[in-house]
Amino acid sequence: MGSLKEEHKPLDFVIPNQFIDRTRHRIDTFFGDGVVAHVGFGDPLCDEMARVVLGACKVADVPREARGTYVCMEGPQFHSTKAESNIYRSWGAGCDWHDQPARSQARARSEICYVTIAMVTDYDCCIRITMR
């Protein structure tokens, strides 16, 4: 995933605990037609499983970050425009990373213990601008 902050470096493993959904063309439920289900999503990931994964990263001496906000964008695209990137960074939610797939799987978890494990692949275009 692309980093929106200098402190999240390429090759760092990250376990976000919040999502912002910027997709428009994905199915928002796995329940299908005719079924109504209300699933709490305020805390979309399992803290207990996140602790297990972080412990494994620590044992393996892998750089890791346990908290942050993941902006899920429509794919296929690999980077934001400069305007999008700067908007994500300016939001009060403190967006940390962006990528395409994770939000859908987290929303589909339906009260099942779930965690997203991702790796920073590069800095988004806003970082290249600020690091010149």
Side-chain angles (χ1 to χ4, degrees):
M1 68 172 63
S3 176
L4 293 165
K5 293 184 177 177
E6 291 86 353
E7 61 264 29
H8 305 305
K9 298 171 181 56
L11 303 181
D12 285 357
F13 276 71
V14 296
I15 301 168
N17 65 320
Q18 288 295 314
F19 295 95
I20 295 175
D21 184 7
R22 298 286 299 144
T23 62
R24 301 173 308 280
H25 302 291
R26 295 182 181 182
I27 297 171
D28 288 328
T29 183
F30 69 95
F31 289 107
D33 294 334
V35 176
V36 176
H38 298 276
V39 178
F41 203 59
D43 295 305
L45 300 169
C46 176
D47 284 337
E48 184 177 339
M49 186 178 283
R51 283 191 295 276
V52 170
V53 171
L54 286 169
C57 287
K58 184 176 181 179
V59 169
D61 197 27
V62 174
R64 63 222 170 259
E65 179 64 37
R67 294 266 193 233
T69 300
Y70 178 119
V71 179
C72 187
M73 58 191 197
E74 197 76 56
Q77 70 179 17
F78 297 104
H79 290 283
S80 303
T81 66
K82 291 175 186 175
E84 290 168 329
S85 184
N86 286 321
I87 285 172
Y88 299 156
R89 286 170 49 102
S90 73
W91 284 348
C95 301
D96 295 282
W97 317 281
H98 70 84
D99 202 8
Q100 300 167 40
R103 194 279 315 169
S104 299
Q105 291 86 348
R107 196 170 294 276
R109 71 181 176 82
S110 183
E111 302 296 327
I112 297 169
C113 192
Y114 176 87
V115 68
T116 294
I117 306 167
M119 185 180 73
V120 175
T121 57
D122 59 359
Y123 290 113
D124 199 44
C125 61
C126 62
I127 303 295
R128 291 190 201 113
I129 294 168
T130 61
M131 293 182 71
R132 286 186 185 169

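All of these numbers come straight from a predicted model, not from anything done at the bench. No hydrogens, no waters, no symmetry mates; every other heavy atom, side chains included, goes into these values.
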Visitor: Taking atom CD of Glu7 as the centre, report whether more than 12 heavy atoms of other residues, nucleotides or ligands fall under 6.0 Å from it.
Guide: yes
Visitor: Between Asp96 (side chain only) and Thr69 (backbone N and O only), is there a donor and an acceptor less than 3.5 Å apart?
Guide: yes
Visitor: Going through the distances and angles, do Asp43 and Gln18 end up as a side chain to side chain contact (heavy atoms under 4.5 Å, CB included)?
Guide: CA-CA 7 Å; Asp43 295 305; Gln18 288 295 314; 3.9 Å; yes
Visitor: Working to the nearest 0.5 Å, report the span between SG of Cys113 and CG of Leu45.
Guide: 9.0 Å
Visitor: Do Val115 and Leu54 belong together in a cluster built from hydrophobic side chains that touch within less than 4.5 Å?
Guide: yes
Visitor: Hey, quick one: are Ile117 and Leu11 part of the same hydrophobic cluster, counting side-chain heavy atoms closer than 4.5 Å, chains of contacts allowed?
Guide: yes
Visitor: Just by distance, do the side chain of Arg64 and the backbone of Val62 share a donor-acceptor pair under 3.5 Å?
Guide: yes
Visitor: Do the non-hydrogen side-chain atoms of Tyr123 and Pro10 ever get within less than 4.5 Å of each other?
Guide: yes
Visitor: Please tell me if the side chains of Val120 and Lys9 come closer than 4.5 Å, counting only heavy atoms from C-beta onward.
Guide: no
Visitor: Do Thr116 and Phe19 touch side chain to side chain, with heavy atoms closer than 4.5 Å?
Guide: yes
Visitor: Would Met49 end up clustered with Val14 when hydrophobic side chains under 4.5 Å apart are linked, directly or stepwise?
Guide: no
Visitor: Atom CG in Asp47, atom CG in Asn17: separation rounded to 0.5 Å?
Guide: 7.5 Å
Visitor: Can you tell me if Tyr88 uses its side chain to pair, donor with acceptor, with the backbone of Leu4 under 3.5 Å?
Guide: no
Visitor: Take Ile20 and Cys95 through the test side chain to side chain contact (heavy atoms under 4.5 Å, CB included) and record every step on the way to the result.
Guide: CA-CA 8 Å; Ile20 295 175; Cys95 301; 3.7 Å; yes
Visitor: What closest approach, in Å, do Thr121 and Gly2 show between heavy atoms, and which atom pair accounts for it?
Guide: OG1-N, 4.4 Å
Visitor: Taking it one step at a time, do Cys46 and Tyr114 satisfy side chain to side chain contact (heavy atoms under 4.5 Å, CB included)?
Guide: CA-CA 5 Å; Cys46 176; Tyr114 176 87; 5.6 Å; no
Visitor: State whether the side chain of Asp12 and the backbone N or O of His8 hold a donor-acceptor pair below 3.5 Å, judged by distance alone.
Guide: no
